[in-house]
Amino acid sequence: MGIELPEGYSSPMPAPTPATKAPETGAGLDADGSDTAVPLPATDTPPHRYTAELADRIERDWQELWAAEGTFYAPNPVGELAAEPGSELEERARRPKLFVQDMFPYPSGAGLHVGHPLGYIATDVYARFARMDGRNVLHTLGYDAFGLPAEQYAVQTGQHPRVTTESNIANMRAQLRRLGLGHDSRRSVVTTDTDYYRWTQWIFLQIFNSWYDTEQNKARPIAELVEQFSSGQRPTPGTVPWAELSSQQQRSIVNGHRLAYLSEAPVNWCPGLGTVLSNEEVTADGRSERGNFPVFKRNLRQWMMRITAYADRLIDDLAALDWPVPVVQMQRNWIGRSYGARVDFATVSASSADGTAVLPPISVFTTRPDTIFGCNSLVVAPEHPAVDTLLPPHWPHDTPAHWTGGAATPADAVAMYRAQAGTASELERQNDSRTKTGVFTGAYALNPVAQVRVPIFIADYVLMGYGSGAVMGVPGEDKRDWEFSEKFELPIIRTVQPPEGFEGKDFEGDGVMINSGFLNGLPWPEAKKRMIDWLTEHEHGAGTVSYKLRDWLFSRQRYWGEPFPIVYAVDDTAVKDNATDGDAPDGNPTNRADIDGEPIALPESMLPVLLPEVDDYSPVTYHPDDADTDPAPPLAKAAEWTTVQLDLGDGLKTYRRDANVMPQWAGSCCYQLRYIDPRNSEQLCDPVNEGYWMGPEPLVHGADDPGGLDLYVGGVEHAVLHLLYARFWHKVLYDLGHVHSSEPYRRLFNQGYIQAPAYVDSRGVYVLADEVVEYSGVFSWRGQPVRREYGKMGKSLKNVVTPEQICAEYGADTFRVYEMSMGPLESSRPWESRAVVGAHRFLQRLWRVVLDEQTGQPRVTDEPASAQSRQVLHRTIDGVRADMVGLRFNTAIAKLIELTNHVTTAYPDGAPREVAVPLVLMVAPLAPHIAEELWRRLGNTGSLTYTDFPHADERLLVTETIEYPVQINGKVRARIRVAADAEESVVREAALADAKVVAYVGEKILKKVIVVPGRIVTVVV
RNA sequence: GCGGGAGUGGUGUAACGGCAGCCACGCCAGACUUAGGAUCUGGUGCCCUAACGGGCGUGGGGGUUCGAAUCCCCCCUCCCGCACCA
């Protein structure tokens, strides 16, 4: 995962000039007409005003102090990061915990723009609030540093990706530090560190060394499967008893059960990138998500992860998570579970001697087995393996001409159709025409229920990758089948009665069965159940569940990734022969030198398997359209690394290392577990620490709490990929007993994106947003009019604004407050540099509430606050607390500004301490540096990080008198003030006695008077 | 096409079914100023009115309700995801 930074943007920034400013009139001319440069700097700024310069000083001081004191260190229960007895951290360790996490960033060389830190600031505000609210808070930020950009840079420049990566991380750390993020720096892991990827490899071994027990519905150690086979508890596939199988055969069977396995199956091969890709990394139009190269389905032997074993749990367990509805929905759709039935169609060849020769049956998957009486055809995917065995040598004598595709024989027709579907499919899918195509196979199938013979077609609208790659054509209740039936003039029979007046074609709604034999008259759900029972009873099928989810393709032919801790036994002589042959090792696990091609896991003691140094970081890439090419990973070229002598328990032997690397997702699947115990060299993380930070808390979150960290914030772009993979890995670790939590992320929050205005001139060319001026709503650039658009911030739109620019102009606190005040965290909104000043003015006012701008001395008084001020204060506390918990920082800021404005006007000569102090504390999570400084200048020592967040006094939330608006026929016409505890009848009388109300009501008859206690009085006349 | 989300001043937005527009930007006026792209104060939904005051207003249409930006139905528009998933 990891965020992508704007390509090619690098740090030197233009002078901080707001994008939209009125043109200077008469600039450069002074009174006597002589040319002067810029106006003189302000001379009347009070010496202790809160300016950008002062903010900068304060911010750097406090950042230094926080770092020096380990202010944000969160103690663990056990291990190296546990609180030492008698230390300050001991108190923290006794607090209830809170684990907050941001999505793992990818450290690009570019640098951050103002859109990137939005989520980091939000989590920081939340974490700081939680610390003040008595929590022990784990919040850190690591780096997901394996991946393509550093590798591609290395390919171009020859610089080792590690060098690039390290400097990028240093750069990004510095940028983020400037924002005052309160991270536990001890826990900031980097996926490319050997201490980290050692554990990624370790997790791979856990997955490799386990299998999914469908009876217990969990993963179990592979040794327990072997035991089941050898004890006879589980029958061996085939007829030969386990003991009589060769050890090679045994290994092959066991390997076929592992959760990580090698499979020769159709995978997404991307010649342009020189690597295979997972389904999730391929776009709808068959291109690579990265680079937009064509992707081809090819049979290659690759690493797969058996995520499909977890399909049900990955869907069902979503219910217990506090996640955004769209993300839950996207995961459900991606897994795509549907309940239906398998139906076996016997096949008959029309041209065989007696016309009834039985071939192997073809199974279809259908969600509507109840409609089988309307089946007019069997349609299979072009690449369906059964097709070739079906084809009769000649067309049946009554074959309509337009079924044959103009071919002389079924075999020709199928070959032609396959060729055409194979080459043109990607392009044709693009142009949405969706005309159904297909060709008759010359063969027939038998509808097992209706006992009717139906023709078998191949058509590319049937996908080999879903269900069984074959469908029964039922036009009456399926749009696609209707279209197909029209095209090939197949008979159309409805089996569900459409409602009166239905004039469409296929009807997919609820109704009563017709033309359906023993199902006639049954409503839909019953008919489905009845048919499944019938199929099961007569052994023509069974109820089944189908999923869209495929197993996860887990190997990549790249350099900059985690090596697999896997070797293959090789024949020494064969290796020599290979070398003299001049055959380049291709990294494909079916190398000729291999004895059996079966993977062997290295023992834990041999971890980490270090990434070797190589001369050439690039995989072999090809012309993007050349599908007939083979993957050739860079590691295969490191001959000294790939061939190793190891003693794996049976003496020193020669092995070949797996030359693939893991996909970039691997490092981000379990990073929360390393955050928990970053220095643990014995275990991924101590279960005691994991239980503390992530264990289920039924008393807090309810009986079905799966555990997991408390808040996970990141972009919605990871809704499927990262979040699905991470849940899968976590569940494997849970099944194997390594963690207490069955889910990694209890609460998920998707922050919105910051968009930016971009400006286009009359030629349609983007112009530098920095140089655009606005006057009366019209935008111009160097005198010519330009048009405003909104888009992603980036170099191509010439509209990048960096945090450094804003910090230089206003300070980090202003930047933080502005970002948090722009709107709800989850919604996307445009950046507007000129609006940032509003946040700055707020902090300036706050500063002035506490300090004298001339002397820098506190100006708060010990006078009591007015009753009204107390009420405003405590309502603010009440509201801000609720907003903080709910991540509604925009409304929290509005309330704090309101309170500040109140104090400013109510106490021009100095605010009462009892208001100023809680105000400062409430601002602290949002603008921590200024709050720390004000807190210190109010006479406190040290950081306020663990100072109690103010609590509202319940008694002050209620007022003595209440103002009721009085509505007459829905319009507010008057206001009355009554005692807060006044009876309803008193309120009613007071309202009716009000002069304005009397005037409005006049002679009319009162139909109704409603008093909503504490709210409103409504009069209906 | 299917699924999800959203439409409120010039702008970003705020409103447990109960005073629509909190807060901020911008704009207008004023203060301090040689100066303002600094700071402070006041005003600012639209329309009518000199003013008092009044009318209209949350994409459009209907409904529930004493009362709807909010709940329900239909339509329109925009954004996101999936896309021949049987």
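The figures here come from the full heavy-atom set of this structure, side chains too, leaving out hydrogens, waters and symmetry mates. Chain identifiers are assigned alphabetically (A, B, ...) following the order of the sequence lines, protein sequences preceding nucleic acid strands; residue numbering begins at 1 within each chain.
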Enquirer: Tell me the interatomic distance from A/Glu819, atom CD, to B/A24, atom P, rounded to whole angstroms.
Expert: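 Taking atom P of B/A24 as the reference, CD of A/Glu819 is at 19 Å.
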
Enquirer: Base, sugar-phosphate alone, or nothing: which one does A/Ser338 contact when heavy atoms must sit under 4.0 Å apart?
Expert: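 Result for A/Ser338 = sugar-phosphate.
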
Enquirer: Grab the two heavy atoms, one from A/Asp506 and one from A/Trp482, that are nearest each other, plus how far apart they are.
Expert: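 Nearest heavy atoms, A/Asp506 then A/Trp482: N-CE3, 3.5 Å.
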
Enquirer: Name the residue from A/Tyr818, A/Trp847, A/Tyr50 that meets the ring-ring contact (aromatic ring centres under 6.0 Å, His included) definition with A/His840.
Expert: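 Of the listed residues A/Tyr818, A/Trp847, A/Tyr50, the ring-ring contact (aromatic ring centres under 6.0 Å, His included) partner of A/His840 is A/Tyr50.
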
Enquirer: Quote, to the nearest angstrom, the P distance that separates B/A29 from B/C75.
Expert: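 One P to the other, the span is 49 Å.
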
Enquirer: Select base, sugar-phosphate, or nothing to describe what A/Gln844 touches, counting heavy atoms under 4.0 Å on all strands.
Expert: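 The answer is sugar-phosphate, as A/Gln844 gets under 4.0 Å only of primed atoms, P, OP1 or OP2.
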
Enquirer: Write down the atom of A/Ile532, the atom of A/Ala341, and the distance for their closest heavy-atom approach.
Expert: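 That would be CG1-CB, 4.0 Å.
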
Enquirer: Could you pull out the closest heavy-atom pair between A/Phe484 and A/Ala459, with the gap in Å?
Expert: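 Closest pair (atom of A/Phe484, atom of A/Ala459, distance): CE1-CB, 3.8 Å.
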
Enquirer: When the distance from NE2 of A/His840 to P of B/C25 is rounded to whole Å, what number comes out?
Expert: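 In whole Å, B/C25 P lies 12 Å from A/His840 NE2.
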
Enquirer: B/G30: syn or anti, with syn meaning chi within 90° of zero?
Expert: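 Anti conformation here, the glycosidic angle of B/G30 being more than 90° from 0.
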
Enquirer: For the pair made of CZ in A/Arg49 and P in B/C32, what is the distance, rounded to whole Å?
Expert: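 Result: 16 Å.
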
Enquirer: Identify whether any heavy atom of A/Val364 sits under 4.0 Å from a base atom; if not, whether one sits that close to sugar-phosphate; answer base, sugar-phosphate or nothing.
Expert: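 Since no nucleic acid heavy atom lies under 4.0 Å of A/Val364, the category is nothing.
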
Enquirer: Counting the atoms with a prime plus P, OP1 and OP2 as sugar-phosphate, which does A/Lys548 contact under 4.0 Å by heavy atoms, base, sugar-phosphate, or nothing?
Expert: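 Contact class for A/Lys548: base.
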
Enquirer: What's the gap between B/U13 and B/C23 when it is taken at their C1' atoms, as a whole Å value?
Expert: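 After rounding to an integer number of Å, I get 8 Å for this pair.
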
Enquirer: Under 3.5 Å, is there a donor-acceptor pair between the A/Glu477 and A/Thr495 side chains?
Expert: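 Yes, side-chain donor-acceptor contact under 3.5 Å.
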
Enquirer: For B/U11 versus B/G21, give the span between their C1' atoms, rounded off to a whole number of Å.
Expert: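 The same atom, C1', in both gives a distance of 13 Å.
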
Enquirer: On RNA chain B, does the nearest nucleotide to A/Val836 precede the nearest nucleotide to A/Phe365 from the 5' side, or the other way round? Give the residue.
Expert: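 This one resolves to A/Val836.
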
Enquirer: What nucleotide among B/A86, B/A38, B/G5 has an atom nearest to a side-chain atom of A/Val471?
Expert: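 So the side chain of A/Val471 is nearest to B/A86.
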
Enquirer: In the structure shown, which nucleotide is the Watson-Crick or G-U wobble counterpart of B/U34, with both distances under 3.5 Å?
Expert: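 Pairing partner: none.
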
Enquirer: Would you mind reading off the distance between A/Tyr818 atom OH and B/C23 atom C1', rounded to a whole angstrom?
Expert: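 About 13 Å, once rounded to whole Å.
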
Enquirer: Does a side chain donor of either A/Asp344 or A/Ser363 reach within less than 3.5 Å of an acceptor in the other side chain?
Expert: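 A donor-acceptor contact under 3.5 Å links the two side chains.
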
Enquirer: With rounding to the closest Å, how many angstrom separate the C1' atoms on B/C66 and B/C73?
Expert: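 The answer is 23 Å between these two C1' atoms.
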
Enquirer: Please determine, for B/A6, whether a Watson-Crick or G-U wobble partner exists with both distances under 3.5 Å, and give it or none.
Expert: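 Paired with B/U77.
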
Enquirer: Taking side chain as C-beta onward, heavy atoms only, is A/Gln331 less than 4.5 Å from A/Leu318?
Expert: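 A/Gln331 vs A/Leu318: side chains touch.
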
Enquirer: List the protein contact pattern of nucleotides 8-19 of chain B with one symbol per nucleotide (5' to 3'): B for base contact, S for sugar-phosphate-only contact, - for none; contact means a heavy-atom distance under 4.0 Å.
Expert: ----SSS-B-BB

Enquirer: Given the structure, check if the side chain of A/Lys436 and the base of B/C84 hold any donor-acceptor pair shorter than 3.5 Å.
Expert: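 Looking at the base of B/C84, it does pair with a donor or acceptor on the side chain of A/Lys436 (distance under 3.5 Å).
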
Enquirer: Can you tell me if A/Arg841 touches the phosphate of B/U39, counting only side-chain N or O atoms and a distance under 4.0 Å to OP1 or OP2?
Expert: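 Answer yes for this pair, as a side-chain N or O of A/Arg841 is under 4.0 Å from OP1 or OP2.
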
Enquirer: Could you tell me the Watson-Crick or G-U partner of B/A24, where both distances fall under 3.5 Å? Say none if there is no partner.
Expert: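 Because both required distances fall under 3.5 Å, B/A24 counts as paired with B/U11.
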
Enquirer: Less than 4.0 angstrom between a side-chain N/O of A/Gln329 and OP1 or OP2 of B/G81, yes or no?
Expert: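 No, outside the criterion.
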
Enquirer: Could you state the atom-to-atom distance from CG of A/Leu463 to P of B/C82 in whole Å?
Expert: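 Those two atoms, CG and P, are 16 Å apart.
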
Enquirer: Quick one: which of B/G81, B/G54, B/C84 gets closest to the side chain of A/Met330?
Expert: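 Output: B/G81.
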
Enquirer: Measure from NZ on A/Lys505 to P on B/G1 and round the result to the nearest Å.
Expert: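 So the two atoms are 15 Å apart, to the nearest Å.
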
Enquirer: With nearest nucleotide decided by heavy atoms, which residue, A/Ala894 or A/Asp481, maps closer to the 5′ end of RNA chain B?
Expert: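 First, find each residue's nearest nucleotide; the 5'-ward one identifies A/Ala894.
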
Enquirer: C1' atom, B/G57 versus B/U64: distance in rounded Å?
Expert: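 To the nearest whole Å, 22 Å.
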
Enquirer: Pick the P atom in B/C74 and in B/G54, then give their distance to the nearest Å.
Expert: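 Those two atoms are separated by 40 Å.
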
Enquirer: Quick one: label A/Arg845 by what it contacts on the DNA or RNA (base, sugar-phosphate, nothing), any heavy atom closer than 4.0 Å.
Expert: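 The residue A/Arg845 makes sugar-phosphate contact but no base contact.
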
Enquirer: Give none if B/U70 has no partner; otherwise give the nucleotide forming a Watson-Crick or G-U wobble pair with it, both distances under 3.5 Å.
Expert: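 Base-paired to nothing in any strand shown.
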
Enquirer: Say we look at B/G61 and B/C56: how far apart would their P atoms be, to the nearest angstrom?
Expert: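 15 Å, rounded to whole Å.
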
Enquirer: Mind calculating the distance between CD1 (A/Ile897) and C1' (B/C25) to the nearest angstrom?
Expert: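 Going from A/Ile897 (CD1) to B/C25 (C1'), I get 11 Å.
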
Enquirer: With a 4.0 Å cut-off on heavy atoms, is A/Arg973 in touch with a base, just the backbone sugar-phosphate, or nothing at all?
Expert: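 Sugar-phosphate contact only.
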
Enquirer: Please give me the minimum heavy-atom distance between A/Tyr964 and A/Val1012, naming the atom from each residue.
Expert: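 Minimum heavy-atom separation between A/Tyr964 and A/Val1012: CE2-O, 3.5 Å.
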
Enquirer: Examine B/A24: is either OP1 or OP2 under 4.0 Å from a nitrogen or oxygen in the side chain of A/Asn901? Give yes or no.
Expert: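 Indeed, a polar side-chain atom of A/Asn901 lies that close.
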
Enquirer: Between B/U39, B/A86, B/C23, spot the one nearest the side chain of A/Asp478, thanks.
Expert: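 My answer, after comparing the listed nucleotides, is B/A86.
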
Enquirer: Quick one: A/Glu53 CD to B/A38 C1', roughly how many Å, whole number?
Expert: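 My rounded result for the distance is 11 Å.
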
Enquirer: Between B/G53 and B/A6, how far is it from one P atom to the other, in whole Å?
Expert: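 That atom pair is separated by 40 Å.
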
Enquirer: Parallel, tilted or perpendicular: which describes the rings of A/Phe365 and A/Tyr466, with under 30° parallel and over 60° perpendicular?
Expert: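 Answer is perpendicular, since the angle exceeds 60°.
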
Enquirer: Restricting to non-hydrogen atoms, name the atom on A/His384 and the atom on A/Gly469 that form the minimum distance, rounded to 0.1 Å.
Expert: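 Heavy-atom minimum between the residues: CD2-O, 3.4 Å.
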
